[in-house]
Amino acid sequence: ETGVTQSPTHLIKTRGQQVTLRCSSQSGHNTVSWYQQALGQGPQFIFQYYREEENGRGNFPPRFSGLQFPNYSSELNVNALELDDSALYLCASRTDRGFTNTQYFGPGTRLTVL
Amino acid sequence: DAKTTQPNSMESNEEEPVHLPCNHSTISGTDYIHWYRQLPSQGPEYVIHGLTSNVNNRMASLAIAEDRKSSTLILHRATLRDAAVYYCILRDVGIQGAQKLVFGQGTRLTINP
């Protein structure tokens, strides 16, 4: 059973650019969430996708968007990058079975916006 | 979002037990208490969760107060590999069923050799 993988591991962009981050969920997991973790802070929930539909969103503007594909891989897109978008972006996958289902996190993508 | 309160940092010695406290006075009757930890340069890792009763697994034990307003994560014999930031979380379920983990600042645990 493979774990959650993310690509790329590091990325440098300039202000105003657009970025796409990718996540491959753990086998058998149909739900994926994305989190943003600023330096020295705990992760903050961005949104969750279930069966290719967004079904929950945190306090993030619309320029943060996502996609989930039929094979349950997913993307996080951020438009019009701002300096404050510099952070570690984490994806987490889980199944929809059970009420207390554990989330499994990937290693993250470190985004630096200059 | 339901909130948790943890000490910013704790320190312990290798092979000694560690008790990590967490306060969650606004917990509701259906909130599960989750603990995750984040090792340096890694994503968070599930440790344990519970609702009312104390729980044990191969990584740790979770002791939950009778009124559920606090809990304690217990590492029975800390090793250097247990050095991490430990997060106590009340899992939030949104209207559409999205389950988000609301992370606080966590407790940075240092283990001395």
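Letters A, B, ... are given to chains in the order of the sequence lines, protein chains preceding strands, and every chain is numbered from 1.
- In this structure, B:Arg68 places its CZ atom where more than 12 heavy-atom neighbours from other residues, nucleotides or ligands lie under 6.0 Å away.
- With contacts defined as side-chain heavy-atom distances shorter than 4.5 Å, the pair A:Phe45/B:Phe103 does not qualify.
- At a 4.5 Å heavy-atom cutoff, A:Phe47 makes no contact with chain B through either its backbone or its side chain.
- Put simply, CD on B:Glu45 and OH on A:Tyr104 are 10.5 Å apart, with the number rounded to the nearest 0.5 Å.
- The candidate from A:Pro107, A:Gly106, A:Pro43 with the greatest count of non-hydrogen atom pairs under 4.5 Å with chain B is A:Pro43.
- Hydrophobic clustering, with ILVMFWY side chains joined whenever heavy atoms are under 4.5 angstrom apart, keeps A:Tyr49 apart from A:Phe105.
- Considering every non-hydrogen atom in both B:Tyr36 and A:Thr102, the closest pair reads OH-CG2, 3.8 Å.
- Linking ILVMFWY residues whenever their side-chain heavy atoms come closer than 4.5 Å, directly or via other members, places A:Leu111 and A:Trp34 in the same cluster.
- Closest approach of A:Leu90 and B:Pro44 over heavy atoms only: CD1-CD, 3.7 Å.
- Under the 4.5 Å side-chain heavy-atom criterion for ILVMFWY residues, no single connected hydrophobic cluster contains both A:Tyr72 and A:Tyr50.
- Criterion: ILVMFWY side-chain heavy atoms under 4.5 Å apart, direct or through other members. Under it, A:Phe60 and B:Val102 are not part of a common hydrophobic cluster.
- Cluster membership for B:Val55 and B:Leu20, using ILVMFWY side-chain heavy atoms within less than 4.5 angstrom, is shared.
- Once rounded to the nearest 0.5 Å, the distance linking CG of B:Leu101 with CD of A:Gln44 reads 11.5 Å.
- Looking at A:Gln37, only its side chain comes within 4.5 Å of chain B, counting heavy atoms on both sides.
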